[in-house]
Asker: 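Got a structure here, written out as structure tokens. Questions coming.
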Amino acid sequence: MTSDKIRLGVNIDHVATIRNARGGCHPDPVKAALVAVEAGANGITAHLREDRRHISDRDIDLLMARLSVPLNLEMAATAEMRDIALDHKPASACIVPEKRQELTTEGGLDVAGGYDHLAGYVTELRAANISVSLFIDPEEQQIRAAKKIGADKVELHTGAYADTTGRARAAELMRLKRGAELCQTLDLEVHAGHGLTYDIVEDIAAIPQFTEFNIGHFLIGEAIFTGLADSIRRMKTLMANGRDRCRNGAI
Ligand code: PXP
């Protein structure tokens, strides 16, 4: 599957990070989600972490009640998160690895290594009509395991691409491209996310198999300077530029 358009899922976790720094209710991540939708976000992503360092259970309740676009619930494959997902039935769940001490999601899920645990987990969520995505590194073994396990889609981790420069970055781009192509061959929907910024989003958008990007930290940071709606509109323009580039055969 290739697509003319790429959906943008706006991750609002770090609005909650700022709110929680003072323990009050401002800035409100639900309000940010509504502004994001108004500005063109095609979906909202929120990561309910085990330690509730940013998004809270109440945020998820309110997002489910008020959003007019799909909520993508990022979650670790724990019993607690499964119960919350089954209770709320978000449009999709993105399963991520989670370590308590990490600053952010540091690597992809080991689907191949955790196959037995994840297989039942994915089946349970899918049976409740929740579309399941697995957040993985762009590695053949992981992509094939995600397909075999019955996931609806994968999100390829773009963090390594974002964190490198020069030749290493070119190699990471190639890894993402090959991974996205393999997904297409396997008929697996493919998304991308982590560390995406204005500077790098076009190159990833030029890979035609990607149908959705999930972007948070950069958009929320940039909102300090230009406002959230403006940062979202600019990101969407750059995503469209990248997609045009591949349609015109420029890559
Ligand atoms: N996708 C997944 C699965 C993530 O865990 C994150 C970070 O929470 C993102 C996308 C968004 O990454 P960033 O905040 O760097 O844009």
Side-chain angles (χ1 to χ4, degrees), residues 6-18 20 29 32-33 36 41-56 59-60 63 70-78 81 85 90-100 102-111 118 125 131-138 142-143 146 151-164 172 176 179-180 189-205 210-224 228 231-232 234-236 238-239:
I6 315 171
R7 294 186 300 274
L8 173 62
V10 174
N11 180 316
I12 53 163
D13 292 352
H14 296 302
V15 179
T17 302
I18 299 171
N20 295 358
N42 305 97
I44 296 296
T45 294
H47 185 175
L48 187 66
R49 278 184 168 268
E50 185 195 6
D51 63 9
R52 306 301 197 269
R53 70 174 71 159
H54 37 56
I55 293 294
S56 67
D59 293 329
I60 300 295
L63 288 166
L71 176 67
N72 174 34
L73 178 64
E74 269 182 32
M75 50 188 261
T78 62
M81 289 301 150
S92 60
C94 180
I95 314 296
V96 300
E98 202 174 291
K99 295 185 214 120
R100 241 172 209 277
E102 69 189 355
L103 286 177
T104 180
T105 315
E106 282 164 2
L109 199 61
D110 181 7
V111 186
L118 283 171
L125 294 179
S131 173
V132 178
S133 174
L134 301 178
F135 185 51
I136 56 174
D137 292 319
Q142 299 298 344
I143 294 169
D152 297 281
K153 52 210 175 192
V154 291
E155 182 170 320
L156 299 187
H157 197 316
T158 46
Y161 176 73
D163 290 343
T164 49
E172 284 301 329
L176 287 163
E189 186 175 338
V190 59
H191 299 176
H194 207 93
L196 293 175
T197 66
Y198 293 156
D199 287 343
I200 61 173
V201 79
E202 278 193 53
D203 286 343
I204 311 278
F210 285 122
T211 55
E212 181 172 311
F213 290 165
N214 283 301
I215 309 181
H217 185 268
F218 181 83
L219 287 173
I220 304 306
E222 194 62 16
I224 293 169
L228 185 57
S231 70
I232 288 167
R234 173 131 191 246
M235 189 62 84
K236 285 205 77 165
L238 295 169
M239 287 162 54

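This structure is a prediction, so every number in the text was calculated from the model and none was measured. Note that ligands are numbered from 1 as they come in the structure, with each ligand's atoms numbered from 1 the same way.
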Asker: Examine G195 against ligand 1 and note whether any of their N/O atoms are separated by less than 3.5 Å.
Answerer: yes

Asker: Heavy-atom distances under 4.0 Å decide this one: backbone, side chain, both or neither, for H157 against ligand 1?
Answerer: neither

Asker: Backbone or side chain, does any N or O of G216 fall under 3.5 Å from an N or O of ligand 1?
Answerer: yes

Asker: Taking distance alone, with N or O pairs closer than 3.5 Å, would you say N214 contacts ligand 1?
Answerer: no

Asker: I'd like to check whether H217 has a polar contact with ligand 1, where a contact means an N/O of the residue lying under 3.5 Å from an N/O of the ligand.
Answerer: yes

Asker: Quick one: which ligand 1 atoms are inside 4.0 Å of a heavy atom on V96?
Answerer: 3 (C)

Asker: Dump the intermediate steps for side chain to side chain donor-acceptor pair (under 3.5 Å) on E155 and S133, then the final yes or no.
Answerer: CA-CA 6 Å; E155 182 170 320; S133 174; 4.8 Å; no

Asker: Salt bridge or not for D51 and R49, using N-O below 4.0 Å?
Answerer: no

Asker: Do E74 and H47 pair up side chain to side chain, a donor and an acceptor below 3.5 Å, judged on atom types alone?
Answerer: yes

Asker: Return yes if a side-chain donor-acceptor contact under 3.5 Å exists between N72 and T45, otherwise no.
Answerer: yes

Asker: Give the single entry among E74, H54, H194 that approaches atom 2 (C) of ligand 1 most closely by any heavy atom.
Answerer: E74

Asker: Is the backbone N or O of H54 less than 3.5 Å from a side-chain atom of N20, with the two atoms forming a donor-acceptor pair by type?
Answerer: yes

Asker: If you measure from CE on M239 to CG on L196, what distance do you get to the nearest 0.5 Å?
Answerer: 9.0 Å

Asker: What are the atoms of ligand 1, with element, lying closer than 4.0 Å to any heavy atom of N11?
Answerer: 8 (O)

